[in-house]
Structures are given as structure tokens and as C-alpha cells.
Amino acid sequence: MAREERRFEIGYGLLPKKENSFIRESLVNQAKSRGIDLVKIDRGRPLVEQGPFHCVLHKLYGEDWRSQLEDFRSRNPNAVIIDSPDAIERLHNRISMLQVVSELKIENQSETFGIPKQIVIYDQETLFDNQAWELLKFPVIAKPLVADGSAKSHKMSLVFNHDGLNKLKPPIVLQEFVNHGGVIFKVYVVGEYVKCVKRKSLPDVSEEKLKSLEGSLSFSQVSNLATHEKSDDKYYKKMHLEDTELPPQSFMTDIARGLRRAMKLNLFNFDVIRDTRFGNRYLIIDINYFPGYAKMPGYETVLTDFFCDIVNRKERDVVVERGLVVECSQEKVAGTDGRSVLSCEEEVRKTVTNSCCSDGEDKENSIQV
Ligand SMILES: Nc1ncnc2c1ncn2[C@@H]1O[C@H](COP(=O)(O)OP(=O)(O)OP(=O)(O)O)[C@@H](O)[C@H]1O
Ligand SMILES: O=P(O)(O)O[C@H]1[C@H](OP(=O)(O)O)[C@@H](OP(=O)(O)O)[C@@H](O)[C@@H](O)[C@@H]1OP(=O)(O)O
Ligand SMILES: [Mg+2]
Ligand SMILES: [Mg+2]
């Protein structure tokens, strides 16, 4: 006798721009075909009155939203919130964002990683204080300290010399500009899934060129420009993205998994550049929460797989790859708010079968919510 299909509801809270790019019909349909209904959260009504959702997916800020999530969590202790506002908050400050990279330990003989030299400047006086400059060398990139998703938080300046400092408005982070061959790598993380892609970046600045450059140059979201915006530009015509080799996948995966565990986040990307002075040195310059996944080929499948894992309370790394279900209680794996996806041994032991995400067959290891 055919078993009734179990369905799950995932509520999403996104700004209109994100909703437009992420919630495509192709994603909604694929999720639906595998037992997941993506439902828009009505921001005009309390979250607790909606659903009931098995999972909440969000990229919204502010105190009101935080307290709505808190209420939701206490009333729905079994629901999963992807991800916790506290964990996301770390990415709203460009210093705390990269601190986690500096603390990460990864064993690798052939490649190294880190972050560029940087200082934080809170006021105008410190900007012109020579002591602050002992560590850094021009050119530098001035980035707003706050990275809250506003247009302002993406406005950057490439500063060539002291004259260029006049226009800057602290609080800012001054980060050494590192020549990297004009190509940036964006590493997308969706739970355990890791995908690295190439994008165009700022061109290198030679010592020679630096002498002739005046002041500073402003720019914003250079790796996100539409193709037509780049195509007229002489520089971009000269660029050969296809000639650039990707960093080793296993190295990027190790960094991604390390970051995921340390930050307790499931949905993020990080920007990596390869220092041209040392072909095997990689620098992480930016980490973004819930980035533009729709730019990833086949994002619908990747995201649907992830949703299925979440609602089934199972993760590939623990349940499938290692096959050791009990490890969940010992491993600090990226948690979510509400209940950690992998935190509790008892939950994992509640092994039942259900039809969500199965390809027609029941899976012995799936966990029911
Ligand atoms: N230290 C650096 N050295 C060389 N280039 C850099 C450095 N920092 C940033 N860039 C360039 O400037 C761009 C913007 O910087 P960053 O990624 O920090 O800004 P963002 O506004 O947070 O970007 P996103 O749109 O990815 O959120 C990068 O994509 C890269 O092209
Ligand atoms: O739409 P959103 O506001 O989430 O924009 C994000 C943007 O995704 P989009 O492509 O969907 O616009 C991301 O692009 P990719 O790194 O994936 O290229 C990146 O620029 C994030 O920094 C942005 O987030 P913010 O920093 O502004 O919060
Ligand atoms: Mg970036
Ligand atoms: Mg960013």
C-alpha cells in the first residue's frame, strides 16, 4: 500500500531583491517535487502566527526580526532556524568577520592561507596618525567597518597615497591591497556543499603605476557587475578569466568546512584571492551571509538537497559519510538556532523512515522532525 507522502514547510524571510533573485520558479518546483513547500513569511503578521514551519530561512536584520525569531523558537522548539542571528551578526563587522579566519588551523603542505594586513580606524585623527601606518603599505582598500548589506557598506576606495585619505569617513577598515591577477574566487557554502567559482576583480597595481596614481579611486561591488557593464571596459576585454586556474578544491573545502564549524553558519560565501607574489598563498578578504546562490549553476538541486537534509535532521558528513550517527553529540558541527541540526544524539537515534527527499525508496538513516 502506498504510504502517504510527508510534506515539510520552509518559511522564508527575505528582502524583495533577494526574494526576486533566489525564489525562482525552478527552485520552488524542485523543492515541491521532493516534499518541501517554500512559503513566504508575511512581514505584516507575527511570525508565530504563521506556518507551522518546520524550518525558517532568513536574511533580515533588526531587533524586531530578532525578537520574532526568539518567540518563534520558544513556541516551536522542534523547528530549525537557518541560521542564528547571533552567528550571522559576526559577519556584519569586517573585523570580527575575518577574525575567525586567523584562528582557523588547517594542515596543508602545499598551500597557505590567511587575511591581508589590516587596521581599523574609528576616527579622523587616527587616520593621519603615522603610528597606525607602521603596519601597512600603499595601496590600501578602505572598507566601511559595518557590512550590513546596505549600499553604503559596499562603497570602497582604493587609496594610493596619503592624499587619498582625506575623503575617507571612519569607522573604516584599511586593508592592504594585494595584487592577485585581477581574478577573485568566490567559494559558496551550502551546509556541507562547497563550490568555488571565478569572478573578475580589480586589476593589479604595479610599483611603477602606483607612483603615477593620484589620491584614491572609489568603487562598489566590482565582482557583481553585470557582464554588459564590464564589456565596454578596456581592462575587462583584456582579462582572460578562463586562463586562471582554480585553487585546489580540497583546500577550499577544508577552509569552508573549518569556517562553517567555527562560525556555526550553513549559508555563506567567502572571497579568496591568490597573492601573485607567492602562487600558493591564498587570502580571504570577505565573507557574506546568504549570498547570490542563484548565480551558482544548478543551485536549485544544491539548495533542495540541503533543505531535505535539514528537515530530515540528517547531515551527510555525520550520518552518511562517516556512518557514525553517535558522533553528532560529540562534534561541534555548524548549529542552527532553535535546535542544532546535529547536536543531539537522542534526536539522531529517533531513526525513522519517511519519504521526503527519497528517490522512491525509504532511507534507513533518515530522521523525522
Ligand atoms: N585586500 C584586497 N586586495 C585586493 N583586492 C581586494 C582586497 N579587498 C577587496 N578587494 C577587491 O575589492 C572587491 C570588494 O571587496 P569586498 O569583497 O571586501 O567588498 P564587499 O562589498 O563586501 O563585496 P561583496 O559584494 O562580495 O559583498 C573584491 O571583490 C576584490 O575585487
Ligand atoms: O541580495 P543581497 O543583498 O543578499 O546581496 C548579496 C549578493 O548577492 P546577490 O547576488 O543575490 O545580490 C552577494 O553576491 P555574491 O557574493 O554571491 O556575488 C554579495 O554581494 C553579498 O555581499 C550581498 O549581500 P549583502 O552583503 O549586501 O548583504
Ligand atoms: Mg566581496
Ligand atoms: Mg561582502
Side-chain angles (χ1 to χ4, degrees), residues 12-24 27 57-62 88-95 97-98 101 114-119 136-160 172-190 195-205 216-227 230 235-236 239 241 244 267-277 281-297 299 303:
Y12 61 85
L14 302 170
L15 292 175
K17 173 176 166 263
K18 196 63 164 185
E19 187 182 326
N20 282 339
S21 68
F22 183 76
I23 306 291
R24 295 198 184 153
L27 174 68
L57 193 68
H58 69 110
K59 185 172 180 177
L60 293 173
Y61 312 119
I88 297 171
E89 181 113 14
R90 186 205 293 266
L91 300 185
H92 291 170
N93 174 300
R94 291 188 193 271
I95 295 294
M97 171 201 282
L98 295 186
V101 178
I115 62 171
K117 287 183 188 158
Q118 59 177 22
I119 55 172
L136 296 184
K137 178 168 151 296
F138 287 107
V140 294
I141 296 203
K143 309 184 179 188
L145 176 62
V146 173
D148 59 2
S150 61
K152 207 172 118 197
S153 73
H154 291 292
K155 283 221 162 82
M156 321 246 143
S157 303
L158 181 54
V159 184
F160 306 114
I172 50 170
V173 171
L174 292 176
Q175 196 176 78
E176 214 160 79
F177 177 86
V178 176
N179 284 333
H180 54 281
V183 177
I184 191 168
F185 306 106
K186 281 204 170 251
V187 185
Y188 288 87
V189 180
V190 182
K195 174 81 186 169
C196 180
V197 301
K198 293 180 261 187
R199 294 272 182 81
K200 287 178 177 169
S201 181
L202 295 175
D204 289 350
V205 180
S216 65
L217 177 89
S218 299
F219 66 95
S220 181
Q221 293 204 284
V222 71
S223 66
N224 233 351
L225 297 176
T227 314
K230 288 179 213 171
Y235 163 71
Y236 286 114
M239 289 280 316
L241 214 53
T244 304
L267 301 176
F268 63 96
N269 76 359
F270 54 99
D271 295 346
V272 182
I273 54 176
R274 181 162 47 216
D275 190 333
T276 46
R277 289 167 298 184
R281 174 132 184 98
Y282 293 89
L283 300 166
I284 292 161
I285 56 167
D286 184 29
I287 309 179
N288 303 300
Y289 187 65
F290 204 145
Y293 287 119
K295 289 177 238 165
M296 224 169 57
Y299 91 104
L303 268 298

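Order of appearance sets the numbers: ligands from 1, and atoms from 1 within every ligand. The residues of the chain are indexed from 1 along the displayed sequence.
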Open item on the list: Check this for me - ligand 1, Lys143, N or O atoms closer than 3.5 angstrom, yes or no?
Closed with: yes
TODO: Note the single closest protein heavy atom to atom 7 (C) of ligand 2, along with its residue, its atom name and the distance in Å.
DONE: Asn224 ND2, 3.9 Å
Open item on the list: Tell me the closest heavy-atom pair linking Arg274 and Phe185, and the distance in Å.
Closed with: NH2-CZ, 3.5 Å
Open item on the list: Would you say that more than 12 heavy atoms from the other residues, nucleotides or ligands in this model lie under 6.0 Å from the NZ of Lys198, or not?
Closed with: yes
- [ ] Would you check the N or O atoms of Ile184, main chain and side chain alike, for any that come under 3.5 Å of an N or O of ligand 1?
- [x] no
Task: Asn288: numbered ligand 2 atoms lying under 4.0 Å from its heavy atoms - done: 16 (O), 21 (C), 22 (O)
Task: atom 28 (O) of ligand 2: the protein heavy-atom neighbour that sits closest, reported with distance to 0.1 Å - done: Lys59 NZ, 3.0 Å
Open item on the list: I'd like to check which ligand 1 atoms, numbered from 1 as shown, lie under 4.0 Å from a non-hydrogen atom of Met156.
Closed with: 15 (O), 19 (O), 20 (P), 21 (O)
- [ ] Apply side-chain contact (heavy atoms from CB on, under 4.5 Å) to the pair Leu267 and Tyr293, showing each step before the final yes or no.
- [x] CA-CA 9 Å; Leu267 301 176; Tyr293 287 119; 3.4 Å; yes
TODO: Could you tell me the residue and atom name of the protein heavy atom closest to atom 1 (O) of ligand 2, and the distance to it rounded to 0.1 Å?
DONE: Lys17 NZ, 2.9 Å
TODO: Indicate yes or no: does an N/O atom of Tyr289 lie under 3.5 Å from an N/O atom of ligand 2?
DONE: no
Open item on the list: Quick check on Lys186: does its NZ atom have over 12 non-hydrogen neighbours (other residues, nucleotides or ligands) under 6.0 Å away?
Closed with: yes
- [ ] Tell me which protein heavy atom sits closest to atom 20 (O) of ligand 2, plus the residue, atom name and distance to 0.1 Å.
- [x] Gln221 NE2, 2.9 Å
Open item on the list: Heavy-atom pairs closer than 4.0 Å: do any link ligand 1 to the side chain of His154, the backbone, both, or neither?
Closed with: both
Open item on the list: Can you check which of Phe270, Phe268, Tyr188, Phe22 brings a heavy atom nearest to atom 17 (O) of ligand 2?
Closed with: Tyr188
Task: Parallel, tilted or perpendicular, as decided by the 30° and 60° cut-offs, for the rings of His58 and Tyr289 - done: tilted
Task: Those atoms of ligand 2 less than 4.0 Å from some heavy atom in Tyr61 - done: 28 (O)
Task: Separation between OH of Tyr61 and NE2 of His92, rounded to the nearest 0.5 Å - done: 4.0 Å
TODO: Using a 4.0 Å heavy-atom threshold (strictly under), name the region of Glu176 that reaches ligand 1: side chain, backbone, both or neither.
DONE: backbone
- [ ] Run the numbers for me: atoms of ligand 1, each under 4.0 Å from some heavy atom of Leu202, listed by number.
- [x] 11 (C), 31 (O)
Open item on the list: Please list the nearest protein heavy atom to atom 16 (O) of ligand 2 with its residue and the distance rounded to 0.1 Å.
Closed with: Lys186 NZ, 2.7 Å
Task: Contact partition for Asn179 relative to ligand 1, non-hydrogen atoms under 4.0 Å - done: neither
Task: Shortest protein heavy-atom distance from atom 11 (O) of ligand 2, along with the residue and atom involved - done: Lys18 NZ, 3.1 Å
Open item on the list: When you compare ligand 2 with Arg199, is there at least one nitrogen or oxygen pair between them that comes in under 3.5 angstrom?
Closed with: yes
- [ ] Compute the ring centroids of Phe22 and Tyr12, then answer whether they are less than 6.0 Å apart.
- [x] no
TODO: Check ligand 2 against Ser21 and write out every atom of the ligand that is under 4.0 Å from a heavy-atom position of the residue.
DONE: 11 (O)
Open item on the list: Need the ligand 2 atom indices (1-based, order shown) with element for anything under 4.0 Å from a heavy-atom of Pro291.
Closed with: 8 (O), 17 (O)
Open item on the list: Can you confirm whether more than 12 heavy atoms, excluding those of Lys295, are under 6.0 Å from its NZ atom?
Closed with: yes
Open item on the list: Give me the nearest non-hydrogen protein atom to atom 27 (O) of ligand 2 as residue plus atom name, then the distance to 0.1 Å.
Closed with: His154 NE2, 2.7 Å
TODO: Do me a favour and list the nearest non-hydrogen protein atom to atom 9 (P) of ligand 2 with residue, atom name and distance?
DONE: Gly292 CA, 3.8 Å
Task: Under-4.0 Å heavy-atom contact with ligand 2, by part of Asp148 that carries it - done: neither
Task: Under-4.0 Å heavy-atom contact with ligand 1, by part of Ser201 that carries it - done: both
